[in-house]
Amino acid sequence: MSKLDQTATIPASFSERHAGRIRQMRLYGHMFRGSFSSMLGLTLVGIFLILAAVGPWIVPFPEDTLGAVHMGSRLLPPSTEHWFGTDEMGADIFSRVIVGARTSLWIGIVITGLGALIGVPLGIIAGYKGGFVRACIMRLTELFLAVPGLALALAIVASLGPGLTNCMVALAIVWWPGYVRLVEAKTLAVKEELFVESARSIGAKTPWILWHHILPNCMSPIIVKMSMDMGMAILAAAGLGFIGLGAPPPAPEWGAMVSVARSYMPDWWWYSFFPGAAIFLTVLGFNLLGDGLRDILDPRSRAR
Amino acid sequence: MLSFTLRKLLTVAGTMLGIAVLTFVITNIAPGDPARLVAGPNATEDMVDTIRVEYGLDRPMIEQFGIYMKDLITGDFGTSIVTTRPVLDELLRYAPATIELVVVAMILGVALGVPLGMLSAVYKDGPIDHVTRILSISGVALPAFWFGILMQLYFSVDLGWLPVSGRLPLVTRPPDMVTGSLLLDALIAGNLETFRTALSHIILPAVVLSFPCLASILRVNRSEMIEVLQSDYITAARAHGISAGRIIAVYSLKNALLPTLAMIGLRFGWMLGSTVLVETVFDWPGIGLYAVSSALASDFKPVIGVTLLIGFLFIIANTLVDLAYAWIDPRLRRA
Amino acid sequence: MNSTLLDINAYSLGIGTFDGPIHVLKDINITVKRGETLGIVGESGSGKTVLVRSVMGIGPSNSRVQAGHITFDGQDITRMNDKGWAKIRGIRISMIFQDPMTYLNPLFSIGRQISDVIAAHERAAGQGISSKAMRRSRTQELLEQVGLPAPAQLFDQYPHQLSGGMRQRVLIAMALAGKPDLLIADEPTTALDVTVQAQVLDLIKSLVKKLNLTVIMISHDIGAIATVASKCAVMYKGEIVEQGDTAAVLSNPQHDYTRQLLAAVPDIEVTPARLLAKQAVQDVIPAPQKLLEAVNLRKVYKTQAGGEFAAVDNISLSVNVGEIFGVVGESGSGKSTLARMLLRLIEPTSGDIFFEGQDISRLRGEPLRQIRQHMQFVFQNPHSALNGRHTIGDAIGEPLRIQTTMSRRDIDVRTEALLDIVQLPKSFRYRYPHELSGGQKQRVCIARAIALNPRLLILDEPTSALDISVQAQVLNFLQQVRKELNLTYVFISHDLAVIRQICDRTIVMKRGKIVEQGDTEQIFLHPAEEYTRALIESGRVTSRAARLRA
Amino acid sequence: ERTDAGNVIVFGGRQAIPVLDPHIRYDWSTRMIQQGVYDALVKYEGDPAEVKPWLAERWETSDDGKTWTFHLVENAKFHNGDPVTAEAVRYSFERGLKLNKGVAWMLKDFLSPEGITVVDDYTVKFELKAPYAPFLSFLPWWFVVNPQQVKANEVDGDYGQKWLTDHAAGSGPFKLGRWEPNVLYEVISVEDYWKGWPQGDNRPAGVIYRMIREPAAQKAALQRGEADIVEGLTSDDYVQIARVPNIVIEDHKGMTTFGIKFNTQKGPTADINLRKAIAYAMDYDAMIGIYNGAASLETSPLPDAMKGHIEVEGIPRQDLATAKEYLAKSAYPDGGITLDYVHVAGLEEARRIGLVLLDNLKALNIDVNIKPEQWPNMVAAGASVDTAPNMTSIFATPISTDPDAVAYQYHKNSWGQYYGIAYYDNPDVSRMIDEARAATDWETRAELYAKIQKQIVADQPEVFGMLQNRRWARQDYLQGFTFSPVRFTGEVDLYPLWIKEN
Ligand SMILES: Nc1ncnc2c1ncn2[C@@H]1O[C@H](COP(=O)(O)OP(=O)(O)OP(=O)(O)O)[C@@H](O)[C@H]1O
Ligand SMILES: Nc1ncnc2c1ncn2[C@@H]1O[C@H](COP(=O)(O)OP(=O)(O)OP(=O)(O)O)[C@@H](O)[C@H]1O
Ligand SMILES: [Mg+2]
Ligand SMILES: [Mg+2]
């Protein structure tokens, strides 16, 4: 069974040491590739990320994304020069939509990031500690969850005043409870696992257990949720932008663009169509990706 | 049982109070000055003060909070500064429209989501599955406001099949108010024509509102169904010779319905929140629209009122879901 | 009467997986005649379940028949369509499953589930469905047949209101609803308590006689096979390595694996060698020194109904340095709860615990952590005692990282040494738990437990989740380690044969109380309690079957 | 819409009418209905707007300009049949002044409730505290309520505020019909309106003011014939929809001024050279372009249609060279600063002008931070000189045709008001405004206002923008539309409207 027994530590090669991991990854890859919708999601998200990364350098009219005004070329329909047409200030919608990916990415990252940053620790603590601490955290969480996020966010932004930062703050405030609930439930389950007890029996302290045992085992659903939430956060922010509480001009934000553009329907359909489609495709991408990730990361649905 | 009901009531009351505190704090983070708004653009400072005094806005925040809480406990939601009417009256006026819309949307979502989810699960990984899944996720990803406008343009402007917005045509007198739902009231009054027009008005907003809900119900139902179909008791049912159709329609569906129910409860709240957008697009005179217009005017008592009402409806919906759970799941039934 | 009912001929089955197809069944040949009872034994994963499910046409979804065929009553059922199966499945062939807890739909009443089966059969037979009342009476008849009391009441009850034994009987009733020609039982008793096991086996035996059934029964328990089956087949890695009359196979095993299997069953009758050795040196034994002592330990849980339930009720015990202290009792008697309390993994409701004379029942924080260096735990289920996201190396090194200030390098060296001690290759450091077998995992758990050189090891049924052959290895190995490292064990088991082999002193638990305690040998030879006697008896059945050849 | 009672005109508007009480609120939609259900002593009509006798058939002023006597028509009656008497007029003015809301600001500094006396049943006398030239110009907005009805519905001495929120006690051509807040507000023609109907038998059965919030929905409603007249479409929509057959665009020059007001006391914009530089950098044509030409540039702080307006010479137009000269003279010769530009959230044109400004100021190396704000928050920030933004876009519609209505915005007393957000302080100007107010002789006043206009332009407290045209889109069968610049944007006189059937 083992010929290495006699020799001292032999550092095996990377692929040998991580054979298990690698195989796991290959399995994930295999399953992921097998699913058309997951691949579609990955592609959409990939395109979105690339656009967010290089957008400002590849668009035909970069100055239009910073608020350039061309009163002579207002509301032109899509053409070879302006692929998505121009808006009411004569700016190139194609350029603005592409660069808008940055704003959206930023919104998505900040909201989900903040949400997770607040929610995950609270959830883990609530789930692991139990008792009074849990009661407090969960009461607060339920309080937030009892009011639909959009309604609450609306109240917050209305009070803070419109603007991208306020909008993100408001959404982050309504976003974290979802993570608390998810992580708390998962922690409750993981906490009962023997390996947690086993760690306690060897004298591990609570932070150690939380960090080394609970958190890694909560990671899959968190990743899945964050992936989905990227999309949902972008959507929610666009919704606030639509009501008129989102990013101020001239920032190219999709929701705000649709909001302005809606009064140009239907004759100047391209104005609202393309930013709306951009929101749709991005959110679709993140959702499909999240769905695909869930399929492979969540063992419950892995039984095949 | 009595103590159970009492406990439940107490938690509900506690949550409502919590929501009130929460929203009060939230809406008072930044000092907007609604008195200025209603005083009109040319009003002098002493005129604005008149209004401030009238609505108690001149008092310290803590005192305002105390007064608000005291009133709230006695069932007084305060007065809207913009409309000068008691918030409670306005909520009662606008709530039926929203509830009607949400319920119709929910019915649509469940009626389509559950069967599609089953279909998708039964033909897992087949073409039907892929199509329904992508469709369903599209439903979640569609920006309601954008989708609403597109639908309006297509079905109302281009095709002219359905009305653009509102609940009833201008000239139609609404039926006598019984339930507040135009559909039901029209039926009660026996006025089929009004029912038909009311239905034609509600279709677009309900479809737009129900789309994401349909999608998530489909999704949950599908994955639960898949899991249930792989479970031991389904294997056993198959081994005992129960036909495939029966297994899917009776045995697995009931089991898969439990998490779906929970999702329905969640989605109900979500829909209540989304009415903020959908009612704006479709000019649906409900609490969502009321909340938006009040929020934009920094008139916060109505915003708090709407939040409380939505929270309350949400709690009610979830209590119903809990009851349904207990009704379906014998393990939760206790004498 | 002696016509062939089922004929499996050169049957091979492959299952497609990510790593390519695996051959789960290889060239299986089995013939079952009417009225015969065939027992199949074999280690976990050898393909028993897949085999019998293939006979029912409910094998794994991505499986492919590679060769051979299965003939049932003259009809080839290897590639039958759903329509054909509708006439056979559940009607002519039916099945009883391993775990009665999960094979009943929790949302439907017992009566509803059985009468649905009856209706399905009637529909398949094309004779029209009988009335509700008729189905109800037929259901009650079936329930009575399997020995369930008050069938009329039971009809409207739900699975969660029944005990495990009752549920298994309900499943049997369901299987009998179609008056099947062939009954397949896949480990029908493993999930049940020892005492209930015997009853269910008796029931099956009596039904076979009464209804003239043909039965295929799978079991781990050689005793069960010997009780019920007239014929017997041994499976190993997807092959039938041996088959024939049960008595013949057991008394004269041909294949290596069979021999190994039989040898691994601990013999309850044999006086352990340990005692013989001890007697010889009796006078030199010094006065026993107490290592661990518990006084009036109690653990009370709140029940759902709001009442109280004492999982451990006023237990006092003391463990001496260097001994193996046994704890036996049926499932749910509070063994694990007691063990966890001893280690302070759960808080006792009342009572005191002393370790080396120090009262540890009130310790908290750092001192408690310190004390844990000296007492370690090996858990019942090795599959879930290891964090699936840590490598084996991490798992073994974890106690060192937590309790000591050793450098990374030193920890690596020590980890490899520990792997050595538990006889695992060093390369296992980089593996993940799911890549190991159950026995290997349990060794890793032990390595982890002894990493800090503890003085006391509490072993909570360390072998019950493992195959018998593996169990023997682990037991041997445990005794070896104890000698090498000079450990004291508290050994928990429900298997008396094992207890007798290795424990010096033993307590017998029932419903949280000690019903009997003292010298192990004493308890065995002169059990004072009825309960103890029942436990010993059920162990004897297995033991005897395994010793047929002796 | 056709109903059993006859034709009902449907007006599609975006703004709700939360409070109908004529002494509490006025905004365009509210006042449009108020004008329908109530009468005032006088009424504005025509373009240019003139004050016409209404409930008062004639009036006299004393020589010192302090006493005004009004003689009422004798056939006017409230909807419930009560006659409109001098007491009703007195009560209404008292109510307006005592409530100290809505319209009160117009008169309260010059008129106290005690100064109003009933001479006889149909004669009422006003004694002002000081001569106040603009007095008459405000009276069209002081509607007369029926004291009997109001008193009958009084709760806790609230002057019937609660009741009048959604009820009316007026004498106007319409009375209230269906009242569904946030959905529709219906008024029904009064058959025997005391002043008769200009359109005679063509008089509509009523008007429905229907809330349609989205411009796209408004347009759709118009195209589908669900609305007869709508306001608030985008400029581009007006251009587009003008081509649709059977739809007519009403396009009239209005009095609403648009200016980008600087904070002249604090921050970089306290520097007049910087202000001038910005004013010269602004692309004024783009402002007109935003309205697709349906606007005209301001030639003075006063709108063109106002009495006393002069065209001020040398009012800045885009001229980059001059702009840079001024910039060089300022404290920021190389630019490199960022200025806030605040506009009311949701106001599209203000947003776009912000974009134009941002684009234009790039030439001066000045960055603009466009900040949409809720109206109340913007006003709150503007209430103190320390928090007033660098630049604020302000649309202001004068409430009357008297030049004082605009000129007073530049008086130091206007500090803290939204229109005084510039914190403009020129003692000369303030003095001249006071003088012009008190003067009873038009010649004197006209001269003063000419000086005032020139001085303000010289001081550049704001970028003088444009006057946007008032526009409505209506069906061609809708007749009787009359325009008067003194009304608010969107506000229409419902009284003369009628539907021509074909
Ligand atoms: N659906 C499946 N996909 C892939 N492999 C499978 C599947 N079902 C069973 N196997 C594999 O087939 C082999 C035989 O499994 P089977 O369940 O028949 O074992 P068993 O003898 O019944 O074991 P046990 O005693 O544990 O029940 C195992 O190696 C198992 O991993
Ligand atoms: N956390 C808990 N809450 C409530 N009841 C519990 C809890 N843990 C254990 N019990 C109950 O205490 C009793 C004893 O459980 P314990 O796990 O100690 O039994 P055991 O003898 O180890 O059984 P097995 O042989 O099945 O492992 C059981 O009836 C169990 O249901
Ligand atoms: Mg098996
Ligand atoms: Mg146990």
Side-chain angles (χ1 to χ4, degrees), chain A residues 1-34 189-190 192-209 211-220 296-297 299 302-304, chain C residues 17-19 61-62 340 343-346 365-366 368-373 375-391 393-395 398-403 409 412-413 415-416 419-420 423-435 445 448-449 451-452 458:
Chain A
M1 194 144 78
S2 53
K3 286 166 192 83
L4 303 170
D5 279 9
Q6 300 79 12
T7 40
T9 322
I10 296 177
S13 78
F14 180 85
S15 60
E16 269 171 336
R17 274 183 285 138
H18 297 280
R21 259 288 135 87
I22 292 168
R23 186 184 170 280
Q24 183 90 30
M25 288 296 151
R26 273 183 50 228
L27 176 63
Y28 286 167
H30 172 81
M31 287 166 65
F32 205 81
R33 274 196 303 280
V190 175
E192 294 303 317
E193 296 270 356
L194 277 183
F195 61 79
V196 173
E197 206 174 355
S198 167
R200 281 210 294 140
S201 79
I202 56 173
K205 291 181 194 158
T206 304
W208 173 281
I209 294 180
W211 184 251
H212 283 93
H213 292 281
I214 308 268
L215 188 62
N217 280 286
C218 293
M219 236 28 228
S220 302
I296 62 168
L297 290 181
R302 207 196 296 168
R304 287 197 188 199
Chain C
T17 67
F18 167 61
D19 298 313
S61 52
N62 42 355
R340 287 186 162 89
L343 259 190
R344 288 286 315 281
L345 285 174
I346 52 180
E366 198 52 31
L368 181 62
R369 247 165 50 74
Q370 293 300 331
I371 225 66
R372 287 207 169 131
Q373 289 190 23
M375 35 203 311
Q376 287 292 316
F377 204 101
V378 176
F379 291 90
Q380 191 160 358
N381 188 349
H383 304 288
S384 60
L386 292 173
N387 187 343
R389 284 166 202 279
H390 291 186
T391 60
D394 287 342
E398 194 179 10
L400 301 170
R401 270 186 279 158
I402 292 172
Q403 294 275 15
R409 277 265 302 289
D412 285 349
V413 172
T415 302
E416 289 186 357
L419 279 170
D420 228 26
Q423 297 161 15
L424 289 174
K426 289 187 180 119
S427 59
F428 269 38
R429 255 179 71 189
Y430 304 112
R431 293 225 183 160
Y432 283 89
H434 67 265
E435 298 171 85
C445 289
R448 188 174 144 91
L452 291 167
I458 298 183

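A, B, ... follow the sequence lines: proteins, then strands. Residue 1 opens every chain. Basis for what follows: all heavy atoms, side chains included, without hydrogens, waters or symmetry-related copies.
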If we define contacts as heavy-atom pairs under 4.5 Å, which of R401(C), R431(C), R389(C) has the most with chain A?
R389(C)

Pairwise distance CG(L386(C)) to OG(S198(A)) - rounded to 0.5 angstrom:
7.0 Å

With a 4.5 angstrom heavy-atom cut-off, which part of E366(C) approaches chain A: side chain, backbone, both or neither?
side chain

Nearest-0.5 Å distance, CG of residue N387(C) to CD1 of residue I214(A)
9.0 Å

About how many Å separate CG of L345(C) and CD of E197(A), when rounded to the nearest 0.5 Å?
5.0 Å

What heavy-atom pair brings F379(C) and L194(A) nearest, and what distance separates the two atoms?
CD2-CD2, 3.4 Å

Output yes when a side-chain donor or acceptor of E193(A) lies under 3.5 Å from a complementary backbone atom of A385(C), and no otherwise.
no

Please look at R409(C) and chain A and tell me whether the side chain, the backbone, both or neither of the residue comes under 4.5 angstrom of a heavy atom of that chain.
neither

Taking atom NZ of K205(A) and atom CD1 of I402(C), what is their separation to the nearest 0.5 Å?
9.5 Å

At their closest point, which heavy atom of R448(C) faces which heavy atom of F195(A), and how far apart are they?
NH2-O, 4.4 Å

Nearest atoms (heavy-atom pairs only) where I202(A) meets L452(C):
O-CD1, 4.5 Å

S201(A)/R344(C) under side-chain contact (heavy atoms from CB on, under 4.5 Å): CA gap, chis, key distance, verdict
CA-CA 8 Å; S201(A) 79; R344(C) 288 286 315 281; over 6 Å; no

Ring-plane angle category for H390(C) and H212(A), please: parallel below 30°, perpendicular beyond 60°, tilted otherwise.
perpendicular

Shorter than 4.5 Å, heavy atoms on both sides: which option in P216(A), G203(A), A199(A), A204(A) has the most such pairs with chain C?
G203(A)

Which residues pass the ring pair (Phe, Tyr, Trp, His ring centres under 6.0 Å) test with H383(C), sequence neighbours left out?
none

Can you list the residues that meet the side chain to side chain donor-acceptor pair (under 3.5 Å) rule with R200(A), with sequence neighbours excluded?
none

Heavy-atom contact with chain A under 4.5 Å, split by part of E398(C)
both

